[in-house]
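Data block below; observations after.
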Amino acid sequence: MKKLFLTLLLLPVFSQSQVSPNVSKRYPAHIVYKIDEVASKISLNEDKQIKIAQKFIKNDSIVNAALASGTPSNLLKNQYTIDRVFLKDILSVEEMEQFAYETDKDNRFLATLILTQPIKLQTDQIKKIRHINDSLSATPKKSPRETIQFYNRKLSKILNEKQYVDVIKFNYKDESFIDAKMDWERILRLKINTPGKEKEESQEIVNFHLAKNGYLDKKAERYEKKKQDFLSLKATLMEPPLLIRAKILSDQKHANNKYASIVKFEKELNLSQSQIDTLLAKYVAFERIILENKENDLNGNFTTPKPLPSEFENIAKIVTSEQMNKWLNLKNKNEAIKKANQSWAALESEGLTKNTDQQKLMPELANYHLKLLIALEKNKNWKTSETRFLVRDVEQKKPEILVQLDAISRSKAKSENAKNALAW
């Protein structure tokens, strides 16, 4: 399985380091573990690892002396806590911010500061963000929702639009990578990736999830459920065509329109890549009109809804008549079988199936219902004299046993109407 490419120009590469062999040999195991705790979050050169070790050696002496004088051990635990106070004389300001972010990834001020170079923060922006972040410890604790909304309000005033969007995206990088990896693996299983273009296509999937999650920013809980659900639906328009295709082919959640229906049978219909690309483009354009009309309605903008283009007419321009007819057969096949079973049950209830071979009759019933479903669908979408004749022609060739069933049904309905008339 080809590797999912997750390289993003937006995201800085945070390197981690291992404890230096010299440090591991010179210092006790409990100190080495503490150094590794810091090194797992930020890159530490050997010099800084030694400084951390020496500080712990010093603290060990303090703790041992305090214990000897009778100080309770629970009062000395903070001597082994790695925090800002412990690290301030060892790490640079930038390293401290990166370490603090790795400890609290929901802090969007810290997320912004570690993105200084990628999003090109100016000196005055850095100064303002650091000042607000430093003041957090003196402010009353808020709920996660209130805290994130506070981050957003402050950052939206300090950053330009692009910087702000990049920061919000960055806060969803972990979720976005996981979602993108699952989608890419599905695409590879379906074998619909373009050989030689895996890097570009997988990157497009990653970028979609970053854009979607940043756009929705669900952690901020800005909207009530109805609006949030609509925005989630609107975000699907950001999906790359390749992802839409994968969802259709694997029965994942996607829009239920005729373009999706025909793409679902792409192998059976032997659709060309050009046909698939055109169908997916029409799919997006169709759904965009639906969502635009829905958005106007939600916003109380009661303008005349935009008319939806005929899916049938567009599809007929994209595929051959042979492909069109085969698609109609495939898409209506299960419904025809269902109707055939319903017809058989109705025939049984009227005693019309005696001395009837079910295995022989069922295909005849299913074939009739299939032809009728296709004729009705064509007439509904095209409404021409030819399609009206097609419906009439199928109905005139209805199996005789169903004609008998219709006669019984009409007779019963007539009797019921007569009874109702007498009752009045």
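Contact detail for Glu287 and Leu237: the closest heavy-atom pair is CB-CD2, 4.1 Å. Taking every heavy atom of both residues into account, Leu405 and Ser343 meet most closely at CD2-O, 4.5 Å. Residues Leu91 and Met96 share a closest heavy-atom pair of CB-CG, 3.8 Å. The two residues Tyr283 and Ala260 come nearest to each other via the heavy atoms CE1-CB, 3.8 Å. Smallest separation of non-hydrogen atoms from Glu313 and Trp382: CG-NE1, 3.9 Å. The minimum heavy-atom distance between Val263 and Leu249, with the atom names listed, is O-CD2, 3.5 Å.
Using a 4.5 Å cut-off on side-chain heavy atoms (C-beta onward), Tyr215 and Lys169 make no contact. A 4.5 Å side-chain heavy-atom check between Lys258 and Phe286 finds every atom pair outside the cut-off. Here the side chains of Leu280 and Arg245 are in contact, with some heavy-atom distance below 4.5 Å. For the pair Glu295/Asn299, a side-chain contact is recorded, criterion being any heavy-atom separation below 4.5 Å from C-beta on. A heavy-atom distance below 4.5 Å is found between the side chains of Leu136 and Phe109. Between Leu216 and Gln228 there is a side-chain heavy-atom pair separated by less than 4.5 Å. Side-chain contact between Gln203 and Glu200: absent, with no pair of heavy atoms (C-beta onward) separated by less than 4.5 Å. Between Arg130 and Leu113 the shortest side-chain heavy-atom distance falls below 4.5 Å.
At a threshold of 4.0 Å, the pair Asp406-Lys398 counts as salt-bridged, since one of the basic side-chain nitrogens sits closer than that to a carboxylate oxygen. Between Glu292 and Lys306, at least one side-chain nitrogen of the basic residue sits less than 4.0 Å from a carboxylate oxygen of the acidic one, meeting the salt-bridge criterion. Salt-bridge check for Lys264 with Asp251: passed, with a basic side-chain N closer than 4.0 Å to an acidic carboxylate O. For the pair Lys282 and Glu311, the salt-bridge criterion is not met [side-chain N within less than 4.0 Å of a carboxylate O]. Using a 4.0 Å cut-off between charged nitrogen and carboxylate oxygen, Glu95 and Lys41 do not count as a salt-bridge pair.
A cation-pi geometry, defined here as NZ or CZ lying under 6.0 Å from the six-membered ring centre and within 45° of its normal, does not hold between Lys331 and Phe265. Because its NZ or CZ atom is not both nearer than 6.0 Å to the ring centre of Tyr368 and within 45° of the ring axis, Lys397 does not count as a cation-pi partner of that residue.
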For this session: Please step through side-chain hydrogen bond (donor to acceptor under 3.5 Å, both in side chains) for the pair Glu239 and Thr236, ending with a clear verdict.
Result: CA-CA 5 Å; Glu239 292 177 346; Thr236 61; 5.5 Å; no
Problem set entry | side-chain hydrogen bond (donor to acceptor under 3.5 Å, both in side chains) evaluation trace for Glu201 with Thr194 | CA-CA 8 Å; Glu201 290 179 340; Thr194 306; 2.6 Å; yes
Exercise. Run the salt bridge (Lys or Arg N to Asp or Glu O under 4.0 Å) check on Lys326 and Glu322 step by step: do they pass?
Worked result: CA-CA 6 Å; Lys326 189 173 183 179; Glu322 182 182 350; over 6 Å; no
Exercise. Asp217 and Asn171: side-chain hydrogen bond (donor to acceptor under 3.5 Å, both in side chains), yes or no, with the steps?
Worked result: CA-CA 9 Å; Asp217 195 10; Asn171 280 275; over 6 Å; no
For this session: Walk me through it: do Tyr164 and Ile158 pass the test side-chain contact (heavy atoms from CB on, under 4.5 Å)?
Result: CA-CA 9 Å; Tyr164 179 78; Ile158 298 171; over 6 Å; no
For this session: Kindly indicate, with the supporting measurements, whether the criterion salt bridge (Lys or Arg N to Asp or Glu O under 4.0 Å) is fulfilled by Glu46 and Lys51.
Result: CA-CA 9 Å; Glu46 186 177 282; Lys51 286 181 179 179; over 6 Å; no
Problem set entry | Derivation of the side-chain contact (heavy atoms from CB on, under 4.5 Å) call for Ile52 and Lys34 | CA-CA 9 Å; Ile52 292 173; Lys34 285 291 184 179; 5.7 Å; no
For this session: Could you go through the side-chain contact (heavy atoms from CB on, under 4.5 Å) check for Val284 and Arg288 one step at a time?
Result: CA-CA 6 Å; Val284 174; Arg288 183 169 280 115; 3.5 Å; yes
For this session: Kindly indicate, with the supporting measurements, whether the criterion side-chain contact (heavy atoms from CB on, under 4.5 Å) is fulfilled by Leu376 and Leu372.
Result: CA-CA 6 Å; Leu376 289 170; Leu372 183 59; 3.8 Å; yes
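The CD1 atom of Ile205 sits 13.5 Å away from atom CZ of Phe177, with the distance rounded to the nearest 0.5 Å. From Arg186, atom CZ reaches atom CG of Leu188 across 11.5 Å, with rounding to the nearest 0.5 Å. In this structure, NZ on Lys267 lies 7.5 Å from NZ on Lys191, to the nearest 0.5 angstrom. How far CD of Glu198 is from CH2 of Trp184: 5.5 Å, rounded to the nearest 0.5 Å. Between the OG1 atom of Thr384 and the CG atom of Leu390 there is a distance of 9.0 Å, given to the nearest 0.5 Å. The CG atom of Asp106 sits 9.0 Å away from atom OG1 of Thr147, with the distance rounded to the nearest 0.5 Å.
Around CD of Gln117, the count of heavy atoms belonging to other residues, nucleotides or ligands within 6.0 Å does not exceed 12. By the neighbour-count criterion of 12 heavy atoms within 6.0 Å, atom NZ of Lys48 is densely surrounded, having more than that number from other residues, nucleotides or ligands. Dense packing is recorded around CD of Gln273, with more than 12 heavy atoms of other residues, nucleotides or ligands lying under 6.0 Å away. Open room surrounds NZ on Lys218; 12 or fewer heavy atoms of other groups in view lie less than 6.0 Å from it. The local environment of CG in Asn256 is sparse, with at most 12 non-hydrogen atoms from other residues, nucleotides or ligands closer than 6.0 Å. Within 6.0 Å of the NZ atom in Lys105, the count of heavy atoms belonging to other residues, nucleotides or ligands exceeds 12. The number of heavy-atom neighbours closer than 6.0 Å to NZ of Lys154, taken from other residues, nucleotides and ligands shown, is 12 or below. Atom NZ of Lys339 has 12 or fewer heavy atoms from other residues, nucleotides or ligands within 6.0 Å.
Checked options Lys120, Gln125, Gln122; the residue passing with Gln163 is Gln125 (criterion: side-chain hydrogen bond (donor to acceptor under 3.5 Å, both in side chains)). Looking at Asp36, Ile35, Ile42 one by one, the single match for side-chain contact (heavy atoms from CB on, under 4.5 Å) with Val38 turns out to be Ile42.
For the residue pair Asn381/Glu377, the side-chain donor-acceptor check at 3.5 Å is not satisfied. Side-chain N/O atoms of Lys212 and His209 include a donor and acceptor closer than 3.5 Å. Looking at Gln49 and Asn45, their side chains never bring a donor and an acceptor atom within 3.5 Å of each other. Side-chain atoms of Lys378 and Asn325 form a donor-acceptor pair, as typed in the model, at a separation below 3.5 Å. Between the side chains of Gln275 and Gln323, a donor-acceptor pair is found at a separation under 3.5 Å.
By the 30° and 60° cut-offs, the orientation of the rings of Phe312 relative to Trp327 is tilted. Ring geometry, Tyr101 versus Phe170: the interplanar angle falls from 30° to 60°, so the pair is classed tilted.
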